[in-house]
Amino acid sequence: MTTIQLYDATLRDGMGGGGLSLTADEKVRVVHQLDALGVDLIEAGFPSSNPKEQQLFELLSRERLDHAEVVAFGMTRRRGVTAAQDDGLRVLVGSFAPVCTLVGKSSVVHVERVVRVTREENLAMIAESIAFLVAQGKRAILDAEHFFDGWRGDPGYAIDCVRAAADAGAERVVLCDTNGGSLPHEIAQATAAVGIALPGVALGIHCHDDTDCAVANTLAAVGAGATQVQGTINGIGERTGNANLLSIIANLQLKLGHRVVTDHQLARLTETGHFVDELLNRAPNPFQPYVGKHAFAHKAGLHAAGVRTDASTFEQIDPALVGNRRDLLVSELAGRATVSEKARDLGLEVDAAHVIERVKELEHQGYSFETADGSFELLLRKEAGAYEPLFRLESWRCIVEQRADGKVETEATIKIFVDGERYVRTAEGNGPVNALDRALRDALTEIHPHLADLELVNFKVRILDETKGTGAITRVLLDTSDGAGQVWGSIGLNENVIAASWQALVDSLERAMQPAPAGT
Ligand SMILES: [Zn+2]
């Protein structure tokens, strides 16, 4: 069977979705998740569209990945300049990424009305840009933008664009349903026709979900000969989103018999989906196929009884294959093996079954450990009896005052004991968390100077409405950087947002004090 290449566009195209944003550090964490999932190519963005992207490429150039390769994304040269003179292409050449994807026009309407160049000039823009990158030692991919719209208007020209890229040395041409308006039968017809017109040219497919068919369209293209699938985790992206790479992977592997990832990697599908949602501070969609919390839920009595007798009667697949479970809590999915593995990495010995019980309890209250790896590590240490609190709390207090001129001032006071000695510290800050952090660290850095290097890089608050019981619970997720490339997450939960923040803050500092794990 043909090998299908997995191409993730979460960090570039996926970020086009409304209200979505990740810091450079968070993107690095996503890259490692994608690598562990078995994704072949990871599109990181344009290496210098803004300081954040520049920082991302700088960080990524130092990361070691097991399998995946990083792709830099740019455009074909502008009109009226040579490829070598084009600033954008020069940035791509200067990037460490071994693969570059260029977006180029393949629809006559766009060429003539939007870019306003002749058909010939557009073909030259494609060919020269690809040839330039290849001559500079890059592997080049063309994303043929608006391909299917172009195909409907002038199929001959759309094919000319693909041919121009292939002849110039592109290793692959990706047919893009940029407007997302196509249906599976159209995608299949067009892809098959390109395959016949240009035998030997490796094709890819990039779909958007405007007709609710992005995954189906992607599979249709694979059926018609495409050998690279592009998508984003959970289908995030502009408008209604991109094709959901998680569903594509599951369908290719479990329904169509393509071996795109290992079984072990396939079992990471659910965790990966939740991980990205948590970083984006989105509640994971419980109804998402394969990875959603309800994807294998059985509410009706008859179903539940059927499942108990023979699961295959009411389940399309065994949920464990994709790392999901029958309507259970999220981290429970991680399972015993993962818990044992994480504990081993930290040089700890724990009773995995007991840890899972504990996590289950906490998740029931509203905790979530997908991105709160720092808090999870502390939990493991507590379970292993290898935990020492950083201090003993007497009290903390926080005063927020708004003046008549609109200015808001925050002051925090903490009273703690460290090694039997009492510390009382007060600090001001731009908000409660900042003020508490300053006061706490003011005391602690006297004994632990390296805590001064820590930086709170992210602070996310979500009101959990799904919890049972009385008041709404506030959940705070905090990301902390040690200033040397390590980032960890911590979590706090309380009816009071400041108390939840305090808890996450303390976890974050305590995590910073833990010995480095043995090995790598
Ligand atoms: Zn797109």
Side-chain angles (χ1 to χ4, degrees), residues 5-22 27 30 34 39-47 49 53 70-76 88 92 97 99-107 109-111 114-115 126 129 140-152 158 161-162 165 170 172-184 186-187 190-191 194 203-222 226-249 276 280:
Q5 200 176 53
L6 302 176
Y7 184 111
D8 179 89
T10 306
L11 301 180
R12 203 267 314 166
D13 219 12
M15 289 296 113
L20 301 181
S21 120
L22 292 173
K27 286 184 176 179
V30 172
L34 294 169
V39 168
D40 300 295
L41 293 168
I42 301 171
E43 190 176 270
F46 180 59
S49 57
E53 302 286 281
V70 172
V71 178
F73 182 88
M75 291 187 293
T76 52
L92 292 182
V99 185
C100 298
T101 294
L102 292 183
V103 59
K105 303 284 175 196
S106 54
S107 142
V109 178
H110 279 88
V111 169
V114 182
V115 198
I126 293 172
S129 304
I141 295 174
L142 179 79
D143 265 6
E145 199 187 24
H146 296 288
F147 178 84
F148 295 95
D149 298 326
W151 173 267
R152 279 185 279 269
C161 295
V162 176
R172 183 179 297 277
V173 179
V174 180
L175 311 180
C176 300
D177 190 23
T178 310
N179 287 349
S182 303
L183 293 175
E186 299 169 295
I187 299 273
T191 306
V194 176
L203 299 178
I205 181 74
H206 176 110
C207 293
H208 282 262
D209 207 28
D210 299 73
T211 59
D212 210 6
C213 288
V215 171
N217 283 346
T218 304
L219 300 179
V222 169
T227 51
Q228 181 194 80
V229 290
Q230 297 198 351
T232 63
I233 301 302
N234 301 325
I236 59 169
E238 228 180 329
R239 306 187 307 276
T240 55
N242 286 54
N244 181 353
L245 194 60
L246 300 180
S247 298
I248 293 171
I249 291 172
V276 170
L280 289 167

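Every number for a ligand or one of its atoms is a count from 1 in the order of the listing.
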Kindly compute the distance separating [atom1] ([X]) from [atom2] ([Y]), expressed to the nearest 0.5 Å.
X      : Y      : atom1 : atom2 : result
Ser182 : His208 : OG    : NE2   : 11.5 Å
Asp8   : Ile233 : CG    : CD1   : 5.0 Å
Glu186 : Thr191 : CD    : OG1   : 11.0 Å

So does Ala214 get a backbone contact from the side chain of Asp209, meaning a donor-acceptor N/O pair under 3.5 Å?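 Yes: the side chain of Asp209 pairs with the backbone of Ala214.
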Got a sec: is His208 within less than 2.8 Å of the Zn ion (ligand 1) via an N/O/S atom?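 It does; at least one qualifying atom falls short of 2.8 Å.
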Asp13 near the Zn ion (ligand 1): N/O/S under 2.8 Å: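 Short answer: yes, at least one N, O or S atom is under the cut-off.
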Of all the N, O or S atoms in His206, which one sits nearest to the Zn ion (ligand 1)?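 Of all N, O or S atoms belonging to His206, NE2 is the one nearest the Zn ion (ligand 1).
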